[in-house]
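Count residues from 1 along the sequence.
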Amino acid sequence: MKIESVELLRVGMPLVSPFRTSFGTQSRRDVLLVRVITPEAEGWAECVAMAEPLYSSEYAGAAHRVTAGHLLPRLFACGDVTAAAVASALAPVRGHRMAKAAVEAAVLDAELKAAGVPLSRHLGATQSRIVSGVSVGIHESVPELLKTVGGCLAEGYARIKLKIEPGWDIEPVAAVRKEFGDDILLQADANSAYTRADARHLAGLDPYGLLMLEQPLEEEDVAGHAELARSLTTPICLDESIVSAQAAHEAIRIGACAVVNIKPGRVGGYLEARRVHDVCAAAGVPVWAGGMLETGIGRAANLALAGLPNFTLPSDISGSDRYYRQDLTESFVVNDGTIPVPDAPGIGVAPLPEVLDELVTQRETLRPAGRA
């Protein structure tokens, strides 16, 4: 495709309620959107970097700057481009996987819309509806947590994930299990809040039949996760540690995880996410789709990915109303615990113009040299 221009948009998205994890509290998302315009179609993508460098070293402001100053000049230098060539074109820029993922995804969306092909079909999805789980943040009290979990179950969510941290772990997990019984699917996510010295304490989660304990240790401590996995009966899932298909292969090889969370932004794009899926499938390790409080732009693309066959565990792809009173796109709705995979070309959705105009805080348009 010939790229005529790329628009970078910043959008302020207020959350329905503050979302607290071990690394901080979000009450609003500063979203970087990438819009790729070609003669045949336009493509949309969302960068999942947060407003501050807390979950990862990337954050929205830096993603905007590196995209404008380094990634797009390299993309424009390619002339005609395909989505499959984007990763190698951007490879000279070290890191910045979330920004790269957004650029690649926008190109891919435009390419597939021009060809009339849904992203789900392009990636090889075999599922048309995705089982939806929900991520529940850290609360001020256990009674407040139980009220939230009860509401999520009443809305039909098939799995509950509890965010935990030191001082908020065994007690809330035990309370949820006691209140709602052994039949609910329950897991915990530490977002790297613990160390190897906490192994005995984390073993206190074993009696509660969790699906998994997600990313208990720092992302670089893959060996520590392997050590921890040998001391717990609760399966270990890796999130932040899995930054590529190679990282997934190495983690599985040393026994650091029994489950993998796949977030396309974290691994550098949907094409690399598919490779992570394939590595895990070959090793017999199940995967599930993580979430980063995406708007409908990112949510639609995540649903397409989650349709691949080795996504056998409930996703973190919730309904739009879980986080936003008004999504950027038509809302995604959970029905009988599932959300349908969009079947229109590309990611299958686009921002609602009136909503985008109301929420956009900044626009920047960049063009290849020689284009007015």
Per-pair distances, 0.1 Å, donor-acceptor, side chain in residues 330-349, under 3.5 Å, sequence neighbours excluded:
from   : atom 1 : to     : atom 2 : distance (Å)
Thr338 : OG1    : Arg129 : NE     : 2.7
Thr338 : OG1    : Arg129 : NH2    : 3.2
Thr338 : OG1    : Asn335 : O      : 3.1

Identify every side-chain donor-acceptor pair in residues 60-73 under 3.5 Å, counting partners at least two apart or on other chains, and give the distances.
from  : atom 1 : to     : atom 2 : distance (Å)
His64 : ND1    : Arg10  : NH1    : 3.0
His64 : NE2    : Glu364 : OE1    : 2.8
Arg65 : NH2    : Tyr59  : OH     : 3.1
Thr67 : OG1    : Ala63  : O      : 2.6

> Who passes side chain to side chain donor-acceptor pair (under 3.5 Å) against Arg97, sequence neighbours left out?
Replying inline: none
>> Under the salt bridge (Lys or Arg N to Asp or Glu O under 4.0 Å) definition, can you give me all pairs with a residue in residues 241-255, not counting sequence neighbours?
In response: Glu250-Arg253
> Can you list every salt bridge (Lys or Arg N to Asp or Glu O under 4.0 Å) pair that touches residues 319-329, not counting sequence neighbours?
Replying inline: none
> Taking only residues two or more places apart in sequence or in another chain, which ones pass ring-ring contact (aromatic ring centres under 6.0 Å, His included) with His225?
Replying inline: none
> Between Ser56 and Glu240, is a side-chain hydrogen bond (donor to acceptor under 3.5 Å, both in side chains) present by the stated rule, with each step listed?
Replying inline: CA-CA 8 Å; Ser56 80; Glu240 289 93 329; over 6 Å; no
> Under the salt bridge (Lys or Arg N to Asp or Glu O under 4.0 Å) rule, what pairs show up with a residue in residues 189-214, not counting sequence neighbours?
Replying inline: Lys161-Asp189, Lys161-Glu214, Lys163-Asp189, Arg196-Asp221, Arg196-Glu227
>> Would a single hydrophobic cluster contain both Val136 and Leu185, if residues Ile, Leu, Val, Met, Phe, Trp and Tyr are joined by side-chain heavy-atom contacts under 4.5 Å?
In response: no
> Got a sec, which pairs hit side-chain hydrogen bond (donor to acceptor under 3.5 Å, both in side chains) with one end in residues 275-304, sequence neighbours left out?
Replying inline: Glu46-Thr295, Tyr270-Asn302, Glu272-Arg275, Glu294-Asn302
> Which residue pairs pass the salt bridge (Lys or Arg N to Asp or Glu O under 4.0 Å) test when at least one of the two sits in residues 31-45, sequence neighbours left out?
Replying inline: Glu7-Arg35, Arg35-Glu42
>> Taking CD in Glu140 as the centre, count heavy atoms belonging to other residues, nucleotides or ligands within less than 6.0 Å. Is the count above 12?
In response: no
> Do any pairs count as a side-chain hydrogen bond (donor to acceptor under 3.5 Å, both in side chains) and have a residue in residues 72-90, sequence neighbours left out, and if so which ones?
Replying inline: Lys2-Asp80
> When Ile, Leu, Val, Met, Phe, Trp and Tyr are grouped by side-chain heavy atoms lying under 4.5 Å apart, directly or through other members, which residues fall in the same group as Val222?
Replying inline: Ile254
>> Holding to ring-ring contact (aromatic ring centres under 6.0 Å, His included), I want the full list of residues that pass it with Tyr157, two or more places apart in sequence or in another chain.
In response: none
